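Quick one: structure below, then a few questions.
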Amino acid sequence: MEPVGMEMNNSQQHSSDPLPFARSYQLEALEKAIKQNTIAYLETGSGKTLIAIMLLRRYAYLIRKPSPFNAVFLVPQVVLVEQQADAVEMHTDLNVGKYWGDMEVDFWDDAKWKQEIDKYEVLVMTPQILLNGLRHGFFKINMIKVLIIDECHHARGKHPYASIMTEFYHRQLEAGVSDLPRIFGMTASPINTKGANSADSYWQKIHELETIMNSKVYTCVSESVLAQFVPFSTPKFKFYQDMEIPYVLYARLVQELNVLKVKHECSLDNLDLEASAAESTRRKISKIHSALIHCLDELGVWLALKIQIGPSLMMLKPVWMMGFLPQKFYALLNLFLNTGNNSGLQNQTRKKQNEIVEEFRKGMVNIIVATSILEEGLDVQACNLIIRFDPSPTVCSFIQSRGRARMQNSDYLLMVKSGDFSTHSRLKNYLTSGDVMRKESLCHASDPCSPLSNDLCDEEFYHVASTGAFMTLSSSVGLIYFYCSRLPADGYFKPTLRCIIDKQMGVCTLHLPKSSPIRTVCVKGNFKSLKQKACFEACKQLHQIGALTDNLVPDIVVEENDVEEIGKESYNDDQPIFFPPELVNQDSQESMTKYYCYLMELKQNFGYEFPVQNIILLVRSQLEMEAKSVGIELEVDRGTLTVNLKYIGLIRLSSDQVILCRRFQIALFRVLMDHKAEKLTELSDLTSGNNSEIDYLLLPSNYMGQNPVIDWLSISSILFSYEKVWKNHVNCNAGMIQTKSGLVCTCMIKNSLVSTHNGRTYIIDGLLNNINANSLLTLSDGGVMTYKEYYEQRHGIHLCFSRVSFLAGRHIFPVQNHIQRCKKQKEKESSNAFVELPPELCDVIMSPISISTFYSFTFLPSIMHRLESLLLATILKKMLLDHCVHNVAIPTMKVLEAITTKKCLESFHLESLETLGDSFLKYAVCQQLFKKHQNHHEGLLSIRKDKMISNTTLCMLGCDKKLPGFICDEPFDPKGWMVPGYNCGRHTLNEEKLNTRKIYVSGRRKLKSKKVADVVEALIGAYLSTGGEVAALLFMNWIGITIDFRNIPYERHFEVQAEKIVNVQHLESLLNYSFQDPSLLVEALTHGSYMLAEIPGCYQRLEFLGDSVLDYLITRHLYNKYPGISPGLLTDLRSASVNNNCYALSAVKAGLHKHILQSSQKLYKHIKETVESFQELSLDCTFGWESEKSFPKVLGDVMESLAGAIFVDSGYNKETVFRSIRPLLEPLITLETMTVHPVKELNELCQKKHYERRKPIVSHGNGVSSVTIEVEANGEVLKHTSTACDKKMAKKLASKEILKSLKLANFC
């Protein structure tokens, strides 16, 4: 059984050693299990699990990862999964996986199971999970090296244990496959029946178990062997006299229960329930009635009453209760009182089983009252008394319940009615059955296992060779029901199949739900297996068309798991920040450096005493501009500044000129940034070689005639020296003035930059002829002193030149973010902007340079930031053009808008384009899926749509195209702007390839995945809004979403006479559209609950298509109607127009609800309520948030399905759809009629006013949701709770009430 070549090394051998505390019979059982398939038949508490663990240790070398093999440990009860898995983990170093139904393993696909199989070495699970996994091909029987089956006596009939062995193990065995798993079964009794009359009968049943398990039973020679290690309880009979309830009382109570049952059944007719709900309630009433009758028979009047009113129980002593309790209960009560322990009764739920058992172990609970759940596997130790209130139904039940008493000298009491000789005799046989079964097992221990009889494995089956998936007649029934359960449903119907059997003709007709691609299956055959045969055939057909995958699971299960896996894709939020290559240093060894010249024409749209000056931009590479000029508008607190950038030609500069220009611009920007001159000394070290990575020049401009030229005079101001000035101005008539570092000609001091005694820098506008050191200075406190006194007292400086005029100095202009949106307001110049400076304290740094030059340069960081963004947007646009054969014309500014987030606080951002792009993306993908997958139901189409356009998918596609590096997601900070030519070590550029292009990374930042997805949608919107649908589709194709709008014929199998089913003429008149195929009208109006076979489908597919069409049409209409509105307003307009309540009210307004084909009482009732609400509201419009109820989704669905029907019938003409549906939605929303959603309005108000909005409290119960919203405003707490049928509506209503309260309190 073990593959050749897999030998154990020393470390593996060590882990397979038997456990040192193993008992002799456990070691003997282990030896048997290693040699052959074995069933360990040993008493409860004898340590069968330990044998299984030692067997796993022995096989560990075969299953240890990365081995493809596994061991599987099967347990019959969910509560045993944790228990047995914990035991394996405690005594081995193997990785253990645990599985049960509540983990939703039914919805796992092959990929998910492969992950588990690759990860874990031992899989502990309930048997149905393994059986399903084998049937679906997720597990292969020959990949399991050890199969442990706990409580294997269940392996009979159609139990999952038996099905695993018959359908998979024995089929492989008969086929000659040798690498099958080692089977190890565990049981306290190999017989799970009422016993047998003879030893041969016992052996026959044991033999059946051995055959189906293909294993031999191992057991001890006698009970005495086990008794050395395991305490055995002493069986005792407790007889009680049976006293029946007085017949008159009994008959009266039964009659009253019958009357009560009839009364409740009759009341169902007045509850207006659906047929299925009413039938379900009738079954519950009947079940309760039967339970009460049983309790009356078995437990007496008083206990039956207690069971009816609740589980509480009091200690009984009063004599008057005699006759109301059976003697059996009194006998039980006496047994409890005689145990000498404190007694208590504890209710138990499945979730608390392990917890209660643990409490019993610790002595916190003295008595456990349990069903048969306690017989199998649950480890209940330290128990000294077991009482069987009812006789054990089988030998196995008897042995297992007896084994629960683990303490020395424990008792096993069997309650038997006096005179019940049959039960007494059967229980006495049970007492001896253990010895008989042990003897028979030992007698036949050397017999080989018999082959399985043909009738157990000859059931018709269907096998998928590619996966190994396997289906039998019996398993097909569960499979088809599972398939139907995964079809689309809503609150008004659940898809299920209908089976109609004609006994006389021997024909079974299976009607599948309308959303199934196969609607009807009809088969003939034997009446007993007729339904199974029909289900079998239906499953085969579903697999052949792909509705069931090759693993024989519904296709939607695989798609759902794919979506889940996509959602788990890891995303690294550490993303690059791109920098345009045109502005990056390009080393050149030429003596004359070539530059491309661009003139920045600055135009002030406001009045100010200092005019702006044009700037010349010199770059080493020509800028990739789409037009001859680029316009940029800056926000200034006084108005706006318009910048026009245009190319004016080439220029060559010598190395000395380049160094001079660099020194000038670095000095200017450093002064503007720092307002100090201390770092300017290092500029003298600049050489011709530039080690800065960012290399372009920003220079002041003046005009020579009509031609702009570089203002070399201002640039040379950086070369100012006292020595040169003295020599050049010896004969100047302006006169000299004493400064800190020497004499300077008066003509040079004006329009200069000076540094004062405290290191601050000022721009000098001229001389203050009326102010000197002796002039009076008015202080802030009203005091008066001379400037000379002021400097001496405040700064300890003695002014030597008392009669020299002071200089008019101006503080350095602040560098601000001028691309951030702000309120335009005219502000007065600060009175502190100008200062009076004593010349002797000033050191001239640059001269001559005007205040206008400094003022103009304050705008350059904002201008260059915008230019950098435009250059990046141009690169992104050209990346698409490189891919496309068509020339897609789109303004660069539109691309920039699409890659700019709201967080940047600029005058534009992506939200409007994202809204538009989102709707078009959904429309395009839904249309493609609808045409391409004509057999897919709405649920499958929706999942595939989500998979294609989810945020995770869009983010992945965006990252593949390196979009994150282009995204602008932070407000511009002038302090962080990179001064060109200045190498301060803060910025390092790294080159990166973009296909054939190169780009540079200037840094990294955190970027959320949703923002990448939003940018993808916004770019779709940008191309759509400027280039139309063709351009948008080209971009989508480039990003990785391939859409083909070719008109694929819609193959319809919907043969109905529409005129006989719906009022075609009236509906066409209402829709202002004549259908070429009226059957589309029938499909669009048919709800899934309408089960009549004459209509083969329902509206779900058309609704899927129409939803996306309407969404896109309305969004496009709003975008085109209001091109200049803020992005947030467009989102609000769309959400107020495109929602279920809006569509539902429109449907009612048009009377469409009268034409819906449905058979749901619940839906009929809800539609009726909606119509009444609509009449009460008397709404002139259907948009907005006025309604205080959630209307049936079906009404909104019908509007969408009708849009889908017209779309298909018109050859996918969306304009036809809008012309038809728009009148039903009129009046459409406008800016004047729009109201903000109350939840959003409240959030925005709290943010604006800084109110504390506490986390909403949500509760659910009785089919409704309650939401409590609490806001603290101006020290006052406002609180309101609203209840509605869903959480969203309750939250809306509560928010609306809080807003009312805030307005009443004038807190808005």
Side-chain angles (χ1 to χ4, degrees), residues 821 823-824 897 902 907-920 1021 1024-1025 1072 1109-1150 1173-1191 1196 1199 1203 1214-1215 1217-1249 1288-1289 1291-1293 1295-1304 1306-1308:
R821 63 176 182 271
K823 292 182 180 178
K824 298 173 185 176
E897 180 183 342
K902 191 175 183 178
S907 58
F908 56 85
H909 59 82
L910 57 77
E911 190 173 327
S912 288
L913 293 175
E914 177 206 342
T915 302
L916 181 64
D918 169 65
S919 65
F920 180 75
L1024 177 67
S1025 63
N1072 193 27
V1109 175
L1110 274 184
D1111 185 2
Y1112 172 51
L1113 287 171
I1114 293 172
T1115 304
R1116 187 189 65 171
H1117 163 77
L1118 294 171
Y1119 183 86
N1120 292 333
K1121 185 176 181 180
Y1122 303 107
I1125 64 169
S1126 68
L1129 274 177
L1130 178 65
T1131 305
D1132 291 339
L1133 285 168
R1134 180 199 188 194
S1135 60
S1137 305
V1138 183
N1139 62 71
N1140 182 70
N1141 271 17
C1142 170
Y1143 290 163
L1145 289 173
S1146 297
V1148 171
K1149 185 179 177 183
S1173 295
F1174 181 76
Q1175 292 168 349
E1176 290 172 9
L1177 288 170
S1178 300
L1179 296 176
D1180 295 325
C1181 57
T1182 57
F1183 57 80
W1185 317 107
E1186 294 305 313
S1187 61
E1188 297 189 353
K1189 293 181 180 178
S1190 293
F1191 301 127
M1199 287 291 290
K1214 59 184 176 298
E1215 308 305 332
V1217 176
F1218 201 45
R1219 283 196 301 271
S1220 177
I1221 299 295
R1222 177 174 178 170
L1224 304 183
L1225 301 174
E1226 291 285 4
L1228 293 178
I1229 196 168
T1230 65
L1231 280 175
E1232 295 72 28
T1233 58
M1234 185 199 76
T1235 56
V1236 180
H1237 193 288
V1239 175
K1240 182 178 180 182
E1241 185 181 355
L1242 181 60
N1243 286 340
E1244 290 177 346
L1245 179 64
C1246 291
Q1247 288 177 4
K1248 180 181 177 183
K1249 298 286 187 177
K1288 284 186 178 179
M1289 179 59 71
K1291 191 174 182 181
K1292 183 183 88 171
L1293 296 177
S1295 298
K1296 189 182 284 188
E1297 291 303 317
I1298 293 290
L1299 283 168
K1300 285 182 184 177
S1301 300
L1302 287 168
K1303 288 170 185 175
L1304 285 173
N1306 292 321
F1307 288 167
C1308 293

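Predicted, not measured: the structure shown is a model, and the values here were computed from it.
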(message) For the CE atom of Met1199 and the CG atom of Leu1224, what is their distance to the nearest 0.5 Å?
(response) 5.0 Å

(request) Output the distance between atom CG (Leu1113) and atom OG (Ser1137), rounded to the nearest 0.5 Å. (result) 12.5 Å

(message) List the residues meeting ring-ring contact (aromatic ring centres under 6.0 Å, His included) with Tyr1112, not counting sequence neighbours, and say none if there are none.
(response)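 Result, ring-ring contact (aromatic ring centres under 6.0 Å, His included) vs Tyr1112: Phe920, Tyr923.
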
(request) Could you tell me which residues satisfy salt bridge (charged side-chain N to carboxylate O under 4.0 Å, His left out) with Glu1215, sequence neighbours excluded, listed by chain and number? (result) Arg1116

(message) Using side-chain heavy atoms (C-beta onward) and a distance below 4.5 Å, is His909 in contact with Glu897?
(response)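 No, every pair of side-chain atoms sits at 4.5 Å or beyond.
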
(message) Ignoring hydrogens, what is the shortest heavy-atom contact between Pro1127 and Ser912? Give both atom names and the distance.
(response)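 For Pro1127 and Ser912, the tightest heavy-atom pair comes out as CA-OG, 2.8 Å.
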
(request) Output the distance between atom SG (Cys1246) and atom CD1 (Ile1298), rounded to the nearest 0.5 Å. (result) 9.0 Å

(request) Please indicate whether Lys1240 has more than 12 foreign heavy atoms, meaning atoms of other residues, nucleotides or ligands, lying under 6.0 Å from its NZ. (result)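 Counting other residues, nucleotides and ligands, NZ of Lys1240 exceeds 12 neighbours.
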
(message) Just so I know, are the side chains of Leu1110 and Val1138 near enough to count as touching, which here means a heavy-atom distance under 4.5 Å?
(response) no

(request) Enter the distance from Ile1114:CD1 to Leu1228:CG here, rounded to the nearest 0.5 Å. (result) 7.0 Å

(message) Taking the side chain as everything from C-beta on, heavy atoms only, tell me whether Glu914 gets closer than 4.5 Å to Thr1131.
(response) no

(request) Enter the distance from Asn1120:CG to Ser1025:OG here, rounded to the nearest 0.5 Å. (result) 9.0 Å

(message) If I compare all heavy atoms of Lys1296 with all of Pro1238, which pair ends up nearest, and what's the gap?
(response)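 Where Lys1296 meets Pro1238 most closely, the heavy atoms are N-CB, 4.0 Å.
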
(request) Side-chain contact test, heavy atoms from C-beta onward, threshold under 4.5 Å: evaluate it for Tyr1122 versus Leu1130 and give yes or no. (result)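 Side-chain contact under 4.5 Å: no.
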
(request) Kindly say whether Phe1191 contributes a backbone atom to a donor-acceptor pair with the side chain of Asn1141 at under 3.5 angstrom? (result) yes

(message) Quiz question: by atom type and distance under 3.5 Å, do the side chains of Asp1111 and Thr1115 form a donor-acceptor pair?
(response)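 Side chains of Asp1111 and Thr1115: pair found under 3.5 Å.
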
(request) Compare every heavy atom of Pro1223 with every heavy atom of Ser1220, then report the nearest pair and how far apart it is. (result)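 Closest pair (atom of Ser1220, atom of Pro1223, distance): O-CD, 3.4 Å.
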
(message) What verdict does the side-chain contact (heavy atoms from CB on, under 4.5 Å) test give for Lys1291 and Lys1288, after you've listed the backbone C-alpha separation in whole Å, the side-chain angles of each residue and the deciding distance to 0.1 Å?
(response) CA-CA 5 Å; Lys1291 191 174 182 181; Lys1288 284 186 178 179; 5.8 Å; no

(request) First locate atom NZ of Lys1214, then atom CZ of Arg1219, and finally report the distance between them rounded to the nearest 0.5 Å. (result)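 One gets 11.5 Å once the value is rounded to the nearest 0.5 Å.
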
(message) For a quick check under 3.5 Å, do Glu1241 and Ser1295 share a side-chain donor-acceptor pair by atom type?
(response) no

(request) Examine distances only and state if a side-chain atom of Ser919 and a backbone atom of Leu916 form a donor-acceptor pair shorter than 3.5 Å. (result) yes

(message) Could you check whether any side-chain heavy atom of Leu1118 comes within less than 4.5 Å of a side-chain heavy atom of Ile1229, counting everything from C-beta outward?
(response) yes

(message) Pairing donors with acceptors under 3.5 angstrom, does anything connect the side chains of Arg1134 and Thr915?
(response) no

(request) Could you tell me whether Lys1121 atom NZ has more than 12 heavy atoms of other residues or ligands within 6.0 Å of it? (result)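 Yes - once you tally the heavy atoms of other residues, nucleotides and ligands closer than 6.0 Å, there are more than 12.
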
(message) Around atom CG of Asn1072, are there more than 12 heavy atoms from other residues, nucleotides or ligands closer than 6.0 Å?
(response)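 Open.
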
(request) Under the ring-ring contact (aromatic ring centres under 6.0 Å, His included) rule, collect the residues that match up with Phe1218, sequence neighbours excluded. (result) His1117

(request) Any chance you could lay out the side-chain contact (heavy atoms from CB on, under 4.5 Å) test for Leu913 and Leu1024, step after step, and finish with the verdict? (result) CA-CA 9 Å; Leu913 293 175; Leu1024 177 67; over 6 Å; no

